[in-house]
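The structure under discussion appears below in the form of structure tokens.
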There are 2 protein chains.
Amino acid sequence: MEKLDRRILELLARDGRMSYTDIGKETGLSTSAAQQRVRRLEQRGVIKGYRATLDSNELGLLVTAFVAIKPFDPSQPDDAPDRLQHLPEIISCYSVAGDPSYLLKVQVPTMADLEAVLAKIRASAKVSTHTTTVLSTPYEDRPQL
Amino acid sequence: MEKLDRRILELLARDGRMSYTDIGKETGLSTSAAQQRVRRLEQRGVIKGYRATLDSNELGLLVTAFVAIKPFDPSQPDDAPDRLQHLPEIISCYSVAGDPSYLLKVQVPTMADLEAVLAKIRASAKVSTHTTTVLSTPYEDRPQL
DNA sequence: CCTGAAAACACATGTCA
DNA sequence: TGACATGTGTTTTCAGG
């Protein structure tokens, strides 16, 4: 019944606070059966966690940008992610194939903050940066189911 | 007491299933006071929703890529986001400043699926695509607090 | 923002197929 | 191993102040 687990994941991806009772109703399972399946999905790591999704603008994070970085010296060991981890403005870090070595997603209150973060990125990771600023976000993080 | 709301948002961003009782304990509020603040944050749209975060690999989504798109004919009306919305493989869509007009994040099971989605993107939105494939993801979607 | 009580829910245990 | 029933303790929810 792998189908049932998919259905449960879809429900929780859309509403992370859905009760086991409601999951049971939607899937035709009893409350405890639903709970058991969810617990297994959590233990297997399929469900990594739960979070509230917040409105960046309401939080005062008005500027979003993608920053592609390239090491100054490609012969050096590449530990950019470690070196950049301490910057909370970096929301995501992807290692990519292609010209840049990493692609970062950055969120800050103002353009001035972006400038400051870019300077920190260059200094911390010894990289050059190529920044693409986001004008608007038609949609983001749609559930993968 | 704007400080309290920030704290609540931080807690819920990290654990979207935290109970109002526990939020109260962490913030020094009673259960119902905590619940009331959360409800207001939801109504104001600061909290947009709750979701389980899933492991893409476990779901069989082994390929992630960023796709920059450019319209074939820049004189035409630009409704790419609308035209692409129906493709569930597109997780996020950002309107960006710079050479491409949009940046898409795409997730699919295999490279063959990526190829298929790129064809659909080009056909649906009448754009050219420039794809950057993700090799690994050191970190992603860190809480903005 | 708190109290308090009723309803809903979570969750451990035990049973059955 | 997976589904279910039941019982106990929490949590949610909605009065009221």
**OP:** Please check the phosphate of D:dT13 (OP1 and OP2 only) for any side-chain N or O of B:Gln35 closer than 4.0 Å.
**Re:** yes
Original post:
A:Arg40 side chain N/O closer than 4.0 Å to the phosphate oxygens (OP1, OP2) of D:dG2?
Top reply: yes
**OP:** Write down the distance between CD (A:Gln36) and P (C:dC11), rounded to a whole number of angstrom.
**Re:** 13 Å
Subject >> Heavy-atom side-chain proximity of A:Ile47 to A:Leu9 below 4.5 angstrom >> reply: yes
Original post:
Below 4.0 angstrom, N of the basic side chain to O of the carboxylate: do B:Lys48 and A:Glu140 qualify?
Top reply: no
Original post:
Say you draw a straight line from CD of B:Gln35 to CD1 of B:Ile8; how long is it, rounded to the nearest 0.5 Å?
Top reply: 11.0 Å
Original post:
CD of A:Glu115: more than 12 outside heavy atoms within 6.0 angstrom?
Top reply: no
Original post:
So do the side chains of A:Leu11 and A:Asp15 get within less than 4.5 Å of each other, counting heavy atoms only?
Top reply: no
Original post:
What nucleotide, of C:dA10, C:dC1, D:dT12, holds the atom closest to the side chain of B:Arg37?
Top reply: C:dC1
Original post:
Below 4.5 Å, heavy atoms only, C-beta onward: do A:Ser92 and A:Leu104 meet side chain to side chain?
Top reply: no
Original post:
Think A:Tyr20 has a side-chain N or O under 4.0 angstrom from the OP1 or OP2 of C:dC11?
Top reply: yes
Original post:
What does the inter-axis angle of the helix from C:dC1-D:dG17 to C:dA17-D:dT1 come out as, five pairs per end, nearest 10 degrees?
Top reply: 30°
**OP:** Can you tell me the distance, in whole Å, between the CD atom of A:Gln43 and the P atom of C:dC11?
**Re:** 12 Å
Original post:
Under the side chain to side chain contact (heavy atoms under 4.5 Å, CB included) criterion, do B:His130 and B:Asp99 qualify, and how do the steps go?
Top reply: CA-CA 11 Å; B:His130 179 93; B:Asp99 182 32; over 6 Å; no
**OP:** Name the nucleic acid region contacted by A:Arg17, choosing base, sugar-phosphate or nothing; use a 4.0 angstrom heavy-atom cut-off, strictly under.
**Re:** sugar-phosphate
**OP:** Verify the contact: side-chain N or O of A:Arg39 to OP1 or OP2 of C:dA10, cut-off strictly under 4.0 Å; return yes or no.
**Re:** no
Original post:
Measuring from A:Asp73:CG to A:Lys126:NZ, what's the distance to the nearest 0.5 Å?
Top reply: 9.5 Å
Original post:
Can a salt bridge be assigned to the pair A:Arg14 and A:Glu10 using a cut-off of 4.0 Å between side-chain N and carboxylate O?
Top reply: yes
Subject >> Nucleic acid contacts of residues 23-33 of chain B, taken as heavy-atom distances under 4.0 Å to DNA chain D >> reply: B:Thr31, B:Ser32
